[in-house]
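The structure appears below as C-alpha cells.
All chains are named by letter (A, B, ...) in the order of the sequence lines, taking the proteins before the strands, and each is independently numbered beginning at 1.
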Amino acid sequence: MKIATYNVNGVNGRLDVLLRWLAEDRPDVVCLQELKTPDDRFPRKAIEQVGYGAIWHGQKSWNGVAILARDAEPLLTRRGLPGDPDDTHSRYIEAAVNGLLIGCLYLPNGNPAPGPKFGYKLRWFERLQHYARELLDLDVPAMLVGDFNVMPTNLDVYAPERWRDDALFRPEVREAYAALVAQGWTDAIRHLHPDERIYTFWKYFRNAFARDAGLRIDHFLLSPTVAEWLVSATVRREVRSWEHTSDHAPVIIELDHV
DNA sequence: ATGTCTGATAGAATCAGA
C-alpha cells in the first residue's frame, strides 16, 4: 500500500501537474495540502476521472486539505482539528481508508516570528499534540501526514544558520515537533534514512531546486502498529522539476499492509 | 534584503501569503 503527501500549492492552478503525477505513481492514498479553493470549486470530477475518490476541506484563497483514495471513497472521520471552535482555517481532515486512520494536516507557516501568526502556529501545535495523544490512545493503526512547516533538525535544512529565526525552525517549533514524536510516533522518512539529507520543499526563489537548497517539512508520523509495516519512503524529486510545478515535491511511503 | 509563485480583486496591476 502506497500513501503519499503533496502540498500542491493550488489544486486548480496545478491540476495538470497533480493529474500527471497521479497517473505516473498511482498511490493508493494521497494527502493534499494548500488546495487554495472553496469547497464548491474542488476539482472532484477531474480527480474521479483518473480513478480517485476524494474528501476535502477547503476555503477561499488559502489553506485547504484533501484525502484521495484510488478506487475507493475515503470514509470521513473528522474535518477540522479539535480544540478551538474559533479557528477558521481549513487545515485538518481525517479519513479511514483500508483499515488505516489517516490525518491530513497543513500546519500554519507562522512567519513572521515572533508575532500573532507565530502564536497561532504554536497554539495549533498544542492542539495537534493533544489530539495526537488521543489518537494513540485509541490504539488503532493511525498516521499524521502532511506539511508540518517544521524542519525537525539541522540535517533537514540546507543552511541551518540562515533559518534559525524563521518560524519553520525556531527552537519552540522544533521542540513542539520533538514532543509530538516522543508521544510514540515514528517519523517515517528519518526512521528509514537516519543520516541522509532529504528535502521535500525548495523555494521558488534563487534557483533553489537546482542548487538543492531545500528543506524537509513534509512528514509522515506513524503510530506504532503502522511503523512496523513501513517498507520505504521516497521523495519524488522529479515532480519538483516539472513546468508549472508546486514548490513541494510529493513524498510516498510504502506499507507492507493489504 | 533578496527572490517567485498563487489566488483575489478587478477588469491592469497590486496585494497577501508562503
Report summary line: Taken to the nearest whole Å, CG/A:Leu35 to P/B:dA8 is 12 Å
Requested in this report: Could you tell me whether the side chain of A:Thr245 and the main chain of A:Val239 form a donor-acceptor pair under 3.5 Å?
Outcome: yes
Requested in this report: For residues A:Tyr106 and A:His89, establish whether the separation of their ring centroids is below 6.0 Å.
Outcome: no
Query - Pairs satisfying ring-ring contact (aromatic ring centres under 6.0 Å, His included), at least one member in residues 9-31 of chain A, at least two apart - result: A:Tyr6-A:Trp21
**Report entry** Integer-rounded Å distance: B:dC5 C1' and A:Glu243 CD
**Finding:** 13 Å
Query raised in the report: Do the side chain of A:Thr200 and the main chain of A:Asp218 share a donor and acceptor less than 3.5 angstrom apart?
Result: yes
Report summary line: Letter by letter from the 5' end, nucleotides 12-18 of chain B scores (B base, S sugar-phosphate only, - none; protein heavy atoms under 4.0 Å) ----BSB
Query raised in the report: With sequence neighbours left out, which residue pairs that include part of residues 220-240 of chain A fulfil the ring-ring contact (aromatic ring centres under 6.0 Å, His included) condition?
Result: A:Trp229-A:His257
Report summary line: From the candidates B:dT9, B:dT2, B:dC5, the one with an atom nearest any side-chain atom of A:Arg206 is B:dT2
Requested in this report: Between B:dA13 and B:dA1, how far apart are the C1' atoms? Round to whole Å, please.
Outcome: 24 Å
Query raised in the report: Taking the C1' atom of each, how far is B:dA12 from B:dG7, in whole Å?
Result: 16 Å
**Report entry** Whole-Å P distance, B:dA10 and B:dA16
**Finding:** 15 Å
Report task. Provide, to the nearest angstrom, the distance between the CZ atom belonging to A:Arg41 and the C1' atom belonging to B:dA8. Result -> 11 Å
Query raised in the report: For A:Leu15 and B:dT6, what is the distance between atoms CG and P respectively, to the nearest whole Å?
Result: 14 Å
Requested in this report: Would you kindly give the CH2-to-P distance between A:Trp163 and B:dA1, to the nearest whole Å?
Outcome: 15 Å
Query raised in the report: Looking for any heavy atom pair under 4.0 Å, which part of the strands does A:Lys203 touch: base, sugar-phosphate only, or nothing?
Result: base
Report task. Step through it carefully: locate the ring centre of A:Trp163, locate the ring centre of A:Phe169, and say whether they are under 6.0 Å apart. Result -> no
